[in-house]
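Order of listing sets the numbers, starting from 1, for every ligand and every atom in it.
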Amino acid sequence: MTGHSHEALAPYGLRCEHLAEPLGIDERSPLLSWRLASGRRGDAPASCRVLVRDEHGTTVWESGEMADPAATAVRYAGAPLERRTRYRWQVTVTGADGAGAEASSWFETGRFGAADWRASWIAHDPAALDVVDAPEEGELALADHGLSPAVRLRRPFDAPDAPPVRARIYVTARGLYEMRINGRRVGDHELAPGWTDYRDRIDYQTYDVTGLIGTGENVLAATLADGWWSGFVGFDPRRLGAHYGSFPQLLAELHVDHADGRREVIGTDATWSARRSPLRYADLLKGECLDLRRETPGWDRPGFAGDDWLPAVVTGTDHEPLTASVAPPVRAVRELAPRTVTRVGDDRHLVDFGQNFAGRVRLTVRAPARGARVVIRHGEVLDEDGALYTDNLRTAEATDVLIGDGSGGEVVFEPRFTYHGFRYAEVTGPAELRTADVTGVVLHNDTPWTGDFACSDPDVQRLHANIAWGQRSNFVSVPTDCPQRDERLGWLADAQVFLPTACLNADVAAFFEGWLREVRGAQSPDGCFTNVAPRLAGVADQGAPGWGDAGVLVPWHLYRTYGDERFLERNLDAMCAWVDFVHRHNPDLVWRNGVGPHFADWLAPAPTPREVVASAYFARSTDLTARAARVLGRDGAATKYQTLAARIRKTFNERFVSPDGEIEGDTQTGYLLALAFDLLPEELVPKAAERLVALVEAAGPGPRTGFLGVGLLAPVLDGIGRPDLAHALLRRTDPPSWLYPLRHGATTVWERWDGYTPERGFQAPAMNSFNHYALGSIGEWLYQGVAGLAQAPGSTGYRELLIRPRPGGLEWARAAYESVRGTVRTTWSRAGGELRLEVGVPPGAAATVHVPTGDPASVRESGTPVADAAGVTVLGTAPGTLLCRVTSGDYRFTADEPPSTVP
Ligand code: RAM
């Protein structure tokens, strides 16, 4: 969180392409954006301008007065940007009083396409990988995955006596790489270059390595592992690994600018040499094995002989797929100390990190004997005997191994090219294990955290934390379903249902921009989106209803959240093609053909008829496509899809809705989809709402939805005037419920409502993740409902806010959100018959505030009767509520408590 409190109006939080100070962007007209803060009520920018300068200080673009002075983003529109160049930019904002404030930042351009690259793809000769010794005891277990050792590549070069003025390295791999210069690691990206459909797109990363280049002999060195390229990915028994290639390859260019003006470029080519590494294998699902006996100290530094190294082989010079990475990288974002370390055998310990997460263990081992193995196994839960439970990992071995070399001393073992989803680690080998010997290293895309939520119920608070941990654990290169078993795929429905929650927790604009390229790239030529992106053999390509639709829903939601129209521009054609695909296969407008594996309302306790789910999504996607076209001024398309959407809605009503508003199947999800997607004629809305309420009440009250209905439950109940029922669901503790897993120690959201019950034990190990975020989609309503912090319907980029807290039975709640415009805050509490509500609105925004109260006349703002308060306009009353409108600034409302009948 980077919330700012300034006295005067000021810009802060500058971003380029939604990233802070990005190195190596390939966008030629990048989006420059900033946030606004002010300590003064009613502050709004009266003028705003942006200036961009090149490395010589020459102005390359002046925006002039921006047409909308309160805008917080603009696309660069100056002289063509040069490649590999740093630009500095500043934004100046002036308030109504004429006082100006500015802030500055920079971005650096990358390679701008294939033509700029010279380097070749290189590899360790796959035909000369290793010597084969007869297996020793235990060896076969190490070798039987068919995995090869990770390989090393190196290339010495001479540098002049003076240090360089600037050095950049542009790197990527088919596989995973770790780059080093003179023994020091380049950058802090993990699992780079990340997962894309490498056949079409391979991301490269740019690093500033000025400080790593020495005088005299220097060494460029890299380790390469299989990763998603050639390692194990997914669950198809016929196609478990090597999805894109069979051995990893490196492509890198070092550009060094010398003080005398010379630029030297050293790329990967046949002059590099190669050797197997001491990593006998390194795989995302199986784990990593480091054999210290094979270590060759000094390999990555000058002065190393390397007599037994082989020449690297050049495997090609294809630069076409290379694109600058657009998402914040995966990093080791935080470290967890073990909560407990328990001895469970002579040489065996069980470590509990107290938190389910994605990452790895860093382990200190003292003087491992030559050939001795230290084995780390990972699991999310313990079985009934208190032992590590791994059945639900399926074929993911998730086991890391260290083999000692007997050289004495302390060894720190931290796998580099794998990750696991786990809370517990079982360490076998050391006779003694101290707490300080073990650290949990948390890996995920380093998306800036933007949301904060707290409330008086510690269970709800913990639920929010669990949801956030689900997000951290599953935003690893792509949005995955789960981080532990042999799956970890970019499932489209999981991503779309969780997106509204994800967008509140963190700034995920750039992360999803990267993933959407995969979603579009995976679309078939006839317009069909997939179920997973990147596409993967073994998972049906034809997108199921609610899955394929993510190709429409995700760009739309990102556009609304971040106000960046490019989310629509880049995706509109794909959105239209998808709707056309579904329409072509279903000319009668009931979506029953072209449904792929039709997962329906996945894992719902009460199944909703498949055609109801599908047709509702068909209507939704068509409607959003029409709206997107309208935003972009493509009126012909807008009208076409608007008309089609109206026809689909009509058909939906004719086929599935009875005259008294009952929807076929009579399930919660059926009503939720119809109400949330606005499918019903006005007169049937109250009837459908009534039926939904009856179903929720009859269930406990409780939820009966799966992945597609779950995120809609609380918002829809709230929207139909029953936030009390939404609260009842939220705070329910019997299964199915969100709080039930807390009874069983959950620290993340489970895949299934009943992942574990005392009566039955664990759900079927074939599919029972304890770290799936889909059911965590209620996270959105914690911010929007419980704390009352929401963007108004129809607004984009948080320009219009809706502050409408739903206290329910809670004593207090608060939320803060770092929006693209600035910080939005709500805090409410009640005590002694009084309700207090504090609201913070960023400059240039306005909010409609619903003050919950039993007596509208009692409402004051900062002690003044609300009608007289500066910056507050009273709009009227609604049952149990006073409605006001406020512009930017901080407000403190007090009111007599709402009557208990009103939530
Ligand atoms: C499961 C995945 C995912 C879901 C699909 C249908 O295997 O975990 O969550 O979207 O199935």
Side-chain angles (χ1 to χ4, degrees), residues 195 232-240 284-285 356 358 380 391-396 398 420-421 467 470-471 473-499 501-502 515 518-519 522 528-551 553-554 595-605 607-608 610 613-614 617 669 705-712 736 741 748-755 762-779:
W195 187 9
F232 287 91
V233 183
F235 50 71
D236 183 356
R238 295 159 304 170
R239 188 66 188 274
L240 286 171
L284 294 167
L285 298 184
N356 201 358
E380 297 182 282
D391 294 358
N392 67 331
L393 306 188
R394 305 195 304 219
T395 68
H420 314 292
I467 292 168
Q471 178 163 342
S473 312
N474 283 297
F475 282 10
V476 179
S477 193
V478 302
T480 62
D481 58 331
C482 58
Q484 74 297 87
R485 67 183 179 218
D486 56 359
E487 189 145 358
R488 315 183 191 187
L489 304 178
W491 285 98
L492 270 70
D494 304 48
Q496 66 96 349
V497 302
F498 189 65
L499 183 70
T501 300
W515 186 63
E518 298 308 309
V519 173
C528 188
F529 284 124
T530 49
N531 290 296
V532 298
R535 244 178 88 187
L536 198 75
V539 181
D541 276 346
Q542 195 171 75
W547 271 251
D549 295 290
L553 276 72
V554 171
V595 290
H598 212 330
F599 300 114
D601 187 22
W602 188 242
L603 301 181
T608 300
R610 290 180 198 275
V613 171
Y617 263 99
T669 292
T705 68
F707 282 20
L708 297 184
V710 67
L712 306 176
T748 39
V749 174
W750 294 354
E751 176 175 26
R752 314 179 76 130
W753 293 113
D754 58 352
F762 294 121
Q763 254 285 8
M767 209 190 77
N768 193 26
S769 147
F770 292 98
N771 201 352
H772 244 68
Y773 51 51
L775 296 184
S777 326
I778 191 169

Taking side chain as C-beta onward, heavy atoms only, is [X] less than 4.5 Å from [Y]?
{"X": "Asp541", "Y": "Arg535", "answer": "yes"}
{"X": "Leu553", "Y": "Leu499", "answer": "no"}
{"X": "Trp491", "Y": "Val478", "answer": "no"}
{"X": "Phe707", "Y": "His772", "answer": "yes"}

| task | Under 4.0 Å from a heavy atom of Glu751: give me the atoms of ligand 1 that qualify, with their elements. | result |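 Atoms satisfying the 4.0 Å criterion: 8 (O).
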
| Non-hydrogen atom of Phe707 closer than 4.0 Å to ligand 1 |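 Yes, that is the case, since the closest heavy atom of the residue is under 4.0 Å from the ligand.
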
| task | Would you please determine whether Arg485 falls within less than 4.0 Å of ligand 1 on a heavy-atom basis? | result |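 Checking ligand 1 against Arg485, which is what was asked, there is a heavy-atom contact under 4.0 Å.
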
| query | Out of Phe599, Phe529, Tyr617, which residue meets the side-chain contact (heavy atoms from CB on, under 4.5 Å) rule with Trp547? | reply |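 Option passing the side-chain contact (heavy atoms from CB on, under 4.5 Å) with Trp547: Phe599.
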
| Only one of Leu712, Val710, Leu603 forms a side-chain contact (heavy atoms from CB on, under 4.5 Å) with Thr705, so which one is it? |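 The side-chain contact (heavy atoms from CB on, under 4.5 Å) with Thr705 is passed solely by Val710 among Leu712, Val710, Leu603.
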
| message | Among all the protein's non-hydrogen atoms, which is closest to atom 7 (O) of ligand 1, and how far away is it? | response |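 Atom 7 (O) of ligand 1 sits closest to the protein heavy atom Glu487 OE2, 2.6 Å.
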
| field | Protein contact of atom 8 (O) of ligand 1 - nearest heavy atom, named by residue and atom, plus distance | value |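 Its nearest protein heavy-atom neighbour is Asp481 OD2, 2.6 Å.
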
| message | Considering Asp494, Leu492, Asn474 one by one, which has a heavy atom nearer to atom 9 (O) of ligand 1 than any of the others? | response |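 Closest candidate by heavy-atom distance is Asp494.
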
| field | Per atom 11 (O) of ligand 1, closest listed option by heavy atom (Phe235, Trp602, Tyr773, Phe599) | value |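 Of the listed residues, Trp602 has the closest heavy atom.
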
